[in-house]
Structure formats: structure tokens, C-alpha cells
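Report on the following structure.
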Amino acid sequence: EQLSRIFEKIEEHIDPWQLQEFSLEAGRPDTITQEKLEIAKKNGVTRVSINPQTLNDDILVGIGRKHTSDDFFKAYYLARKSGIAAINTDIIAGLPGDNFASFSKTVDQIAELSPENITVHTFFVKKASDILHSGVNVFSRNSREAVKCVDYAQLVAMSSKYHPYYLYRQKNTVGNLENVGFSLDGYDGIYNILIMAEEHDIYACGAGAVTKLVSADGCIKR
């Protein structure tokens with residue numbers, strides 16, 4: 001009901017059927033239902049993001065995620081069944097407790113599903129995270145494993161006919177590594193490209209939301 005109300009308000013001002021891309025961040029697999037995906041499809045959504053992070057259930061428990069790998073597969077198949085044109089999946093290299101054997105298995109399983117987009121993130125540590133106060137050097141933490149993981153993900157993506165279409169970096173990433181979005185031909189995430197280039201307005205609504213306006217001369221106003 002709440003999702004329907006959001007779409008109804010958007011449609012009062014924007015015709016979703018005229019958009020080049022209408023992306024929904026579906027998020028954690030345990031929150032995704034057939035009803036939500038049907039509502040999204042009905043209201044013109046063309047791209048949905050479903051984020052397993054890892055398909056190792058022990059790692060998911062360790063990072064405080066409530067979903068399981070089985071939850072992800074169920075959500076993914078529901079999204080595919082819904083008829084939404086493009087599915088993105090996010091995975092993370094360098095998660096605490098993860099290793100190359102585990103991560104490479106996740107990559108292989110995701111590639112077998114052939115989602116239109118695969119985004120490979122590198123684990124980063126937020127300023128308030130306990131790990132920053134634990135004496136661990138997060139910049140080199142598991143860096144050799146993380147480098148192998150990122151390299152492997154790129155090799156599998158390229159051999160599976162994906163191309164990298166955007167890249168960005170964050171502070172405090174394991175191994176000082178990057179995040180890369182991979183896409184099948186014709187499915188580049190337009191929003192991801194525009195937000196990295198900072199060439200597009202962002203209209204935000206909701207608690208704590210911040211709008212960003214970009215003028216013709218490139219000036220950005222918060």
C-alpha cells in the first residue's frame with residue numbers, strides 16, 4: 001500500500017512511461033515480495049536492484065544481515081518472473097571473515113543467473129564503525145584476498161559478456177580498492193553514470209533527504 005502511494009505521487013508529476021530508466025532499489029532480499037514487484041512493474045519500473053552482498057550465509061550472519069542466500073534466490077526469481085526488464089545485483093569483496101574461495105563462489109553463482117547488471121563493491125568502513133577503534137588497519141585488512149576477489153570478479157564479468165560502465169572509489173575501503181558496475185550490452189544504469197559525473201539533478205523527499213541541483217555551468221547547489 002505504501003509503495004503504491006509513492007508511485008501514485010510520482011505519477012502526478014512525471015510520466016513513468018516516457019522515462020529512459022525507472023529504477024527501484026528493492027534492497028535486502030528478505031523485504032522483497034511478489035506483490036511489491038508486481039506493483040513496481042505495473043507502475044513502469046524498468047530496473048530493480050536486489051542485493052545479496054554475499055551468498056555465504058555465515059558471512060551474512062557475521063555482518064548482521066537478516067536474509068539468507070535462499071532469500072536472495074527467491075527474490076531474484078520473483079523479479080525475473082515479474083517481467084521487469086533489468087535486474088542489478090550488488091556483491092561486496094573483502095567482507096569481514098570472507099575469503100577468496102567463498103567470494104569466487106558467490107561471483108560464479110551470480111554470473112550463472114545472468115542479471116543485466118552486476119555491481120562489485122569493496123567493503124568500506126564507516127566513520128562510526130567499531131572496527132576503526134579496534135586497532136585493525138582497515139586499509140590493508142585482507143587486502144591480498146580482496147585484490148584477488150576484485151580481479152576474479154572482473155575476469156568472470158568480462159568472460160560472461162559484461163562490460164564495466166562506471167567506477168567510483170570511497171575512503172576506508174579494504175585494500176584501497178574500487179567499486180565497479182558491470183552491464184550486459186544495452187543495460188547500462190543511466191542513473192549510476194549521471195550521479196558519478198555529477199551532471200544531473202537529484203530531487204529528494206523523505207526524512208533527512210537532500211536535493212542536489214546542477215546548473216548549466218556545472219555549479220552544484222545542495
Side-chain angles (χ1 to χ4, degrees), residues 6 10 14 16 18-28 40 44-54 79 84-95 103 106-107 110-111 113-129 138-139 143 146-147 149-206 208-222:
I6 290 173
I10 290 172
I14 299 168
Q18 298 299 315
L19 298 174
Q20 287 181 276
E21 178 183 276
F22 191 175
S23 185
L24 172 68
E25 179 70 36
R28 299 186 179 186
V45 168
T46 60
R47 181 178 182 273
V48 64
S49 189
I50 301 173
N51 306 324
Q53 318 304 1
T54 175
I84 294 172
I87 301 176
N88 171 71
T89 58
D90 283 5
I91 57 176
I92 304 176
L95 286 170
F103 181 80
T106 290
V107 171
I110 294 294
L113 294 173
S114 295
E116 284 69 27
N117 296 158
I118 301 174
T119 307
V120 181
H121 293 274
T122 305
F123 178 63
F124 81 101
V125 183
K126 295 181 179 180
K127 289 181 179 179
S129 176
V138 295
F139 293 103
S143 61
V147 169
C149 289
V150 169
D151 286 348
Y152 183 79
Q154 293 182 1
L155 288 170
V156 171
M158 303 290 266
S159 66
S160 301
K161 311 257 188 252
Y162 290 87
H163 61 266
Y165 74 97
Y166 85 109
L167 176 151
Y168 70 100
R169 301 180 74 183
Q170 296 166 283
K171 291 182 178 179
N172 296 348
T173 58
V174 171
N176 199 29
L177 292 162
E178 68 280 349
N179 308 301
V180 180
F182 294 93
S183 175
L184 296 176
D185 286 345
Y187 291 99
D188 293 10
I190 299 169
Y191 171 76
N192 287 331
I193 296 171
L194 293 174
I195 195 173
M196 289 301 115
E198 295 195 304
E199 296 177 346
H200 206 278
D201 296 340
I202 296 175
Y203 299 93
C205 53
V210 177
T211 287
K212 180 172 78 173
L213 303 177
V214 183
S215 65
D217 62 0
C219 181
I220 297 173
K221 184 176 181 180
R222 187 176 188 272

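Below, each value reflects all heavy atoms present in this structure, side chains not excepted, and no hydrogens, waters or symmetry copies.
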Report the C-alpha distance between V147 and L177 in whole Å, list the side-chain angles of each, state the deciding distance to 0.1 Å, and finish with yes or no for side chain to side chain contact (heavy atoms under 4.5 Å, CB included). CA-CA 8 Å; V147 169; L177 292 162; 4.0 Å; yes
From CA spacing to verdict: side chain to side chain contact (heavy atoms under 4.5 Å, CB included), R169, N176: CA-CA 8 Å; R169 301 180 74 183; N176 199 29; 3.2 Å; yes
Could you walk me through whether E178 and V150 pass the side chain to side chain contact (heavy atoms under 4.5 Å, CB included) test, one step at a time? CA-CA 9 Å; E178 68 280 349; V150 169; 3.8 Å; yes
Show the numbers, then the answer: is there a side chain to side chain donor-acceptor pair (under 3.5 Å) between Y165 and N192? CA-CA 9 Å; Y165 74 97; N192 287 331; 3.0 Å; yes
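In this structure, I193 CD1 and Y166 OH are separated by 9.5 Å, a value rounded to the nearest 0.5 Å. In this structure, L213 CG and H200 NE2 are separated by 11.5 Å, a value rounded to the nearest 0.5 Å. Considering CD of E199 and CD1 of I220, their distance stands at 10.0 Å, rounded to 0.5 Å. Atom CG of residue L95 and atom OG1 of residue T106 lie 9.0 Å apart, to the nearest 0.5 angstrom. Between I91 atom CD1 and I118 atom CD1 the span is 6.5 Å, to the nearest 0.5 Å. Summarising the geometry, atom CG belonging to N172 is positioned 10.0 Å from atom CZ belonging to F123; distances are rounded to the nearest 0.5 Å.
One side chain, S49 or N51, offers a donor N or O that lies under 3.5 Å from an acceptor on the other.
Scanning both residues, T89 and P52, for their nearest heavy atoms gives CB-CD, 4.2 Å. When all heavy atoms are compared, the tightest approach of L184 to K161 is CD2-O, 3.6 Å. Closest approach of I84 to V45, counting heavy atoms only: CG2-O, 4.0 Å. Minimum heavy-atom separation, V180 to P164: CG1-CB, 3.8 Å. Contact detail for E198 and V214: the closest heavy-atom pair is O-CG1, 3.8 Å. Listed here is the closest heavy atom pair of H163 and M158: CA-SD, 4.4 Å.
At least one donor-acceptor pair closer than 3.5 Å links the side chain of T211 to the backbone N or O of A204. For E21 (side chain) and Y191 (main-chain N/O), a donor-acceptor pair under 3.5 Å exists by modelled atom type. Using modelled atom types, no side-chain atom of E116 and backbone atom of Y187 make a donor-acceptor pair closer than 3.5 Å. Side chain of T122 to backbone of A93: no donor-acceptor contact under 3.5 angstrom is found. The main-chain N or O of V156 is found under 3.5 Å from a side-chain atom of S159 such that the two form a donor-acceptor pair.
Among T119, V120, D188, the single residue meeting the side chain to side chain contact (heavy atoms under 4.5 Å, CB included) criterion with F182 is V120.
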